[in-house]
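Predicted, not measured: the structure shown is a model, and the values here were computed from it. Start at 1 and go down the list; that is how both ligands and their atoms are numbered. Computed from heavy atoms alone, side chains included, the values below leave out hydrogens, waters and symmetry copies.
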Amino acid sequence: MPGPETLLILGGTAEARALADAAVEAFADRLKVVTSLAGRVDPASPVPGELRVGGFGGAAGLAAYLRAEDIGLVIDATHPFAAIISVNARAACNGTGVPRLTLFRPPWTPPPGLEWIEAGSLEAAAALLPGAGRRAFLTVGSGGAKAFANMPGLWFLVRLIAPPEAALPLADYAVTIGRPPFTVENERRLIREYQIDLLVTKQSGGKATEAKIVAAKEAGIPVIAVRRPDPEPGDVVITVEEALAWLERRL
Ligand SMILES: NC(=O)c1ccc[n+]([C@@H]2O[C@H](COP(=O)([O-])OP(=O)(O)OC[C@H]3O[C@@H](n4cnc5c(N)ncnc54)[C@H](OP(=O)(O)O)[C@@H]3O)[C@@H](O)[C@H]2O)c1
């Protein structure tokens, strides 16, 4: 009798974790669930099913991994801004014939009355800053901070998951460490304590980091949101339930 099918979840999001949880529970012996993380930060708690950590070595490395591990199904549940791994997943799955689904959480809908300014890139967001505010809450990750270098007269509160290994390339800033999910109370307190007058964020969507949008609306401060890239072509769903239904159809 053939063994269970193996599902590879490309993770790093709350939705990927929820999917791993639900798939382990729903399919039990019919499916082996492996989650892959890039390994930038340690997982907050044990990941359901099996875990592998670290890059594959580009699309070719991922294709080799799919073959070597006899992966039967791939769900790309990475962050909407993690574009490279998604391009690689599409290429590797196309090359090996492994069915691939993208779980792409919907963007946030700005609440009525919130001043919401969209930017096409981090650099475009930085160009919008002067005039929009003087004390910005910057929630674009450590890699995103460099787009905001050389901005005299602006102060930043930078939120990171872990302390930075080197000084950030910003003129004037403080760092706050925290990992999602965040509460509205937490975001309200940061805005108040640091006299924040502007929020800068990626249009990430998802519940875990939505509280800052609610708190910005409450505080009456504008939000500059960097538009997300489109998902890779192919099957796309927006909920864990839809992803489970996709799996059910293939098992
Ligand atoms: N970008 C964000 O704003 C953001 C926010 C929250 C969480 N995350 C999560 O953090 C991880 C890294 O994000 P990123 O923006 O740096 O990704 P990225 O730019 O799309 O990927 C860069 C490289 O990291 C490796 N990688 C990324 N995700 C991986 C995964 N799930 N498993 C194994 N290798 C992975 C791949 O290395 P190889 O080419 O060597 O395979 C990939 O080429 C993602 O898994 C994402 O879900 C990202």
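Taking the six-membered ring for Trp and thresholds of 30 and 60 degrees, Phe156 and Phe148 have ring planes more than 60 degrees apart, a perpendicular arrangement.
Counted within 6.0 Å of CZ on Arg134, heavy atoms from surrounding residues, nucleotides or ligands total 12 or fewer; the atom is thus considered open.
Using modelled atom types, one side-chain atom of Arg228 and one backbone atom of Gln203 make a donor-acceptor pair closer than 3.5 Å. One N or O on the side chain of Glu242 and one on the backbone of Thr239 form a donor-acceptor pair closer than 3.5 Å.
For Arg17 and Ser45, the side-chain atoms include at least one donor-acceptor pair closer than 3.5 Å.
Closest to atom 41 (O) of ligand 1 among all protein heavy atoms lies Phe56 N, 2.6 Å. Gly58 N, 3.0 Å is the protein heavy atom nearest to atom 39 (O) of ligand 1. Among protein heavy atoms, the minimum distance from atom 32 (N) of ligand 1 is reached at Ser36 OG, 2.7 Å. Of the protein's non-hydrogen atoms, Gly55 CA, 3.6 Å is the one closest to atom 37 (O) of ligand 1.
Each of the atoms 33 (C), 34 (N) of ligand 1 lies under 4.0 Å from some heavy atom of Gly54. Counting atoms of ligand 1 from 1 in the listed order, those under 4.0 Å from a heavy atom of Ala83 are 20 (O). If you number the atoms of ligand 1 from 1 as listed, the ones under 4.0 Å from a heavy atom of Asn88 come out as 39 (O), 43 (O). Interface atoms of ligand 1 facing Leu37, defined by a heavy-atom separation under 4.0 Å, are 30 (C), 31 (N), 32 (N), 33 (C). For ligand 1, the atoms sitting less than 4.0 Å from at least one non-hydrogen atom of Lys202 are 1 (N), 2 (C), 3 (O), numbered in the order shown with element in parentheses. The Gly57 neighbourhood of ligand 1 comprises atoms 38 (P), 40 (O), 41 (O), with distances under 4.0 Å to a heavy atom of that residue.
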Handout entry: Chi angles and distances behind the side-chain hydrogen bond (donor to acceptor under 3.5 Å, both in side chains) call for Ser86, Asp76
Key = CA-CA 7 Å; Ser86 294; Asp76 176 1; 2.6 Å; yes

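Hydrophobic clustering (side-chain heavy atoms under 4.5 Å, transitive across Ile, Leu, Val, Met, Phe, Trp, Tyr) groups Tyr173 together with Ile224.
In this structure, Gly11 is part of the shell of residues with a heavy atom less than 4.0 angstrom from ligand 1. Using a 4.0 Å heavy-atom cutoff, Gly61 is absent from the residues neighbouring ligand 1. Heavy-atom distances between Gly144 and ligand 1 stay at or above 4.0 Å for every pair. Residue Leu62 places no heavy atom under 4.0 Å from ligand 1.
Residue His79 has at least one nitrogen or oxygen atom sitting less than 3.5 Å from a nitrogen or oxygen atom of ligand 1, judged on distance alone. At least one N or O atom of Arg40, backbone or side chain, sits closer than 3.5 Å to an N or O atom of ligand 1. Between Ile84 and ligand 1, at least one pair of N/O atoms sits closer than 3.5 Å.
Using a 4.5 Å heavy-atom cutoff, the side chains of Pro48 and Thr35 are not in contact. Between Leu7 and Ile75 there is a side-chain heavy-atom pair separated by less than 4.5 Å. Counting heavy atoms from C-beta outward, Phe137 and Leu198 have side chains that stay 4.5 Å or more apart. Two residues are said to be in side-chain contact when any heavy atoms from C-beta on lie closer than 4.5 Å; Ser36 and Tyr65 fail this criterion. Within the 4.5 Å cutoff, side-chain heavy atoms of Ser204 are placed close to those of Arg105.
Nearest to atom 26 (N) of ligand 1 by heavy atom, out of Ala38, Gly12, Ala16, is Ala38.
Within the 4.0 Å heavy-atom criterion, neither part of Glu15 lies near ligand 1.
For atom 15 (O) of ligand 1, a protein heavy-atom neighbour is found at a distance under 4.0 Å.
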